[in-house]
Amino acid sequence: QLQLVESGGGLVHPGGSLRLSCAASGFTLDYYVIGWFRQAPGKERERVSCISSSVGFTYYADSVKGRFTISRDNAKNTVYLQMNSLKPEDTAVYYCAARSLYCSDNPRRYTYWGQGTQVTVSS
């Protein structure tokens, strides 16, 4: 069974940090582009970051640039999203998703999705 599983979410104070993990089972992430998306209540799902399958191309939304870092460890079949200097507006369910070829900001272009992990930033 092909599956993505996110972990690492939780409740954190403003200015705090979390590291999200996206682990794959049933397939190898090496050949896939991985995107991190988030969705807050009443809002559309938005892409926050993406990493290519090879050469290390990364993308960040303006809202998270300089605070979030995406990375991948192919040996562990896992992609990470390090989130620093968190703000209340970062509160959302975070999803990872996989697709082939290149990063896209359209969630419908992604083939595999995790179940999501809740991130809440609040004092």
Side-chain angles (χ1 to χ4, degrees):
Q1 184 178 2
L2 306 180
Q3 194 173 11
L4 291 173
V5 179
E6 302 98 335
S7 61
L11 172 64
V12 64
H13 293 309
S17 298
L18 287 173
R19 187 177 79 157
L20 304 184
S21 299
C22 172
S25 61
F27 67 109
T28 302
L29 282 181
D30 298 32
Y31 307 110
Y32 287 87
V33 167
I34 304 298
W36 280 99
F37 290 78
R38 67 186 181 187
Q39 188 165 21
K43 294 189 176 181
E44 292 187 353
R45 192 167 296 191
E46 64 169 343
R47 181 184 60 169
V48 296
S49 187
C50 188
I51 188 166
S52 64
S53 58
S54 56
V55 300
F57 168 82
T58 57
Y59 162 86
Y60 299 96
D62 287 343
S63 58
V64 306
K65 202 171 292 183
R67 300 188 297 122
F68 290 12
T69 303
I70 192 170
S71 62
R72 63 191 305 152
D73 185 339
N74 288 341
K76 295 184 177 180
N77 217 23
T78 300
V79 171
Y80 303 98
L81 185 68
Q82 178 66 45
M83 305 187 298
N84 298 329
S85 303
L86 283 162
K87 305 175 181 180
E89 52 263 42
D90 294 318
T91 296
V93 178
Y94 283 70
Y95 301 89
C96 64
R99 73 182 302 264
S100 56
L101 297 180
Y102 56 85
C103 286
S104 172
D105 62 355
N106 187 343
R108 290 189 292 266
R109 296 188 181 274
Y110 287 76
T111 307
Y112 304 110
W113 286 86
Q115 82 290 349
T117 186
Q118 176 70 46
V119 171
T120 302
V121 185
S122 175
S123 54

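Source: prediction; values computed, not measured.
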Smallest heavy-atom separation, Gln82 atom then Ser17 atom, equals NE2-CB, 4.0 Å

Report the residues that fulfil side-chain hydrogen bond (donor to acceptor under 3.5 Å, both in side chains) with Arg45, sequence neighbours left out, ordered by chain and then residue number.
Gln39

Measure the CZ-OG1 distance between Arg72 and Thr58 for me, rounded to the nearest 0.5 Å.
11.5 Å

Mind checking whether Phe57 and Tyr102 have ring centres under 6.0 Å apart?
no

Can you tell me how far apart CG (Leu4) and OH (Tyr112) are? Round to the nearest 0.5 Å.
9.0 Å

Can you measure from SG (Cys96) to CD1 (Ile51) and round to the nearest 0.5 angstrom?
12.5 Å

Look at the side-chain heavy atoms of Ile, Leu, Val, Met, Phe, Trp and Tyr, link any pair under 4.5 Å apart, and say whether Tyr60 and Val119 land in one connected group.
yes

If you round to the nearest 0.5 Å, how far is CD1 of Ile70 from CD1 of Ile34?
8.0 Å

Where does the angle between the aromatic ring planes of Trp113 and Phe37 fall among parallel (under 30°), tilted (30 to 60°) and perpendicular (over 60°)?
tilted

Exercise: identify the closest heavy-atom pair between Cys103 and Val33:
SG-CG1, 3.5 Å

Does Val64 belong to the same Ile/Leu/Val/Met/Phe/Trp/Tyr cluster as Val12, with side-chain heavy atoms less than 4.5 Å apart forming each link?
yes

Among Glu89, Glu46, Glu44, find the residue that satisfies the salt bridge (charged side-chain N to carboxylate O under 4.0 Å, His left out) test when tested with Arg38.
Glu46

Has the side chain of Asn77 got a donor or acceptor atom that lies under 3.5 Å from a matching backbone atom of Leu29?
yes

Check: Gly35 main-chain N/O paired with Tyr95 side-chain donor or acceptor under 3.5 Å
no

Would you say Ser104's side chain and Asn106's backbone share a donor-acceptor pair under 3.5 angstrom?
yes

Measure from the side-chain N and O atoms of Asp90 to the backbone N and O of Lys87, and report whether any donor-acceptor pair falls under 3.5 Å.
yes

In this structure, OH of Tyr31 is separated from OG of Ser100 (nearest 0.5 Å) by 13.5 Å

Inter-residue atom distance His13.NE2 - Ser122.OG, 0.5 Å rounding
8.5 Å

With a 4.5 Å cut-off on side-chain heavy-atom distances among I, L, V, M, F, W and Y, is there a chain of contacts connecting Leu20 to Tyr110?
no

With a 6.0 Å cut-off on ring centres, are Phe68 and Trp36 close enough?
no

Could you check whether atom CZ of Arg67 has more than 12 heavy atoms from other residues, nucleotides or ligands sitting under 6.0 Å from it?
yes

Does Arg47 count as lying over the ring of Tyr59, i.e. NZ or CZ under 6.0 Å from the six-ring centre, within 45 degrees of the axis?
yes

Assigning hydrophobic clusters by single linkage (Ile, Leu, Val, Met, Phe, Trp, Tyr; side-chain heavy-atom cutoff under 4.5 Å), is Val5 placed with Leu2?
no

Start with the C-alpha distance between Ser53 and Asp30, add both sets of side-chain angles, then the distance that settles side-chain contact (heavy atoms from CB on, under 4.5 Å), and finish with yes or no.
CA-CA 6 Å; Ser53 58; Asp30 298 32; over 6 Å; no

Using a 3.5 Å distance criterion without hydrogens, assess whether the side chain of Glu6 forms a donor-acceptor pair with backbone atoms of Gly116.
yes

Can Leu18 and Val121 be said to form a side-chain contact (heavy atoms from CB on, under 4.5 Å), step by step?
CA-CA 10 Å; Leu18 287 173; Val121 185; over 6 Å; no

If only atom types and distance count, is the side chain of Asp73 paired as donor or acceptor with the main-chain N or O of Thr78 below 3.5 Å?
no

Is it true that a side-chain atom of Thr91 and a backbone atom of Thr120 form a donor plus acceptor pair closer than 3.5 Å?
no

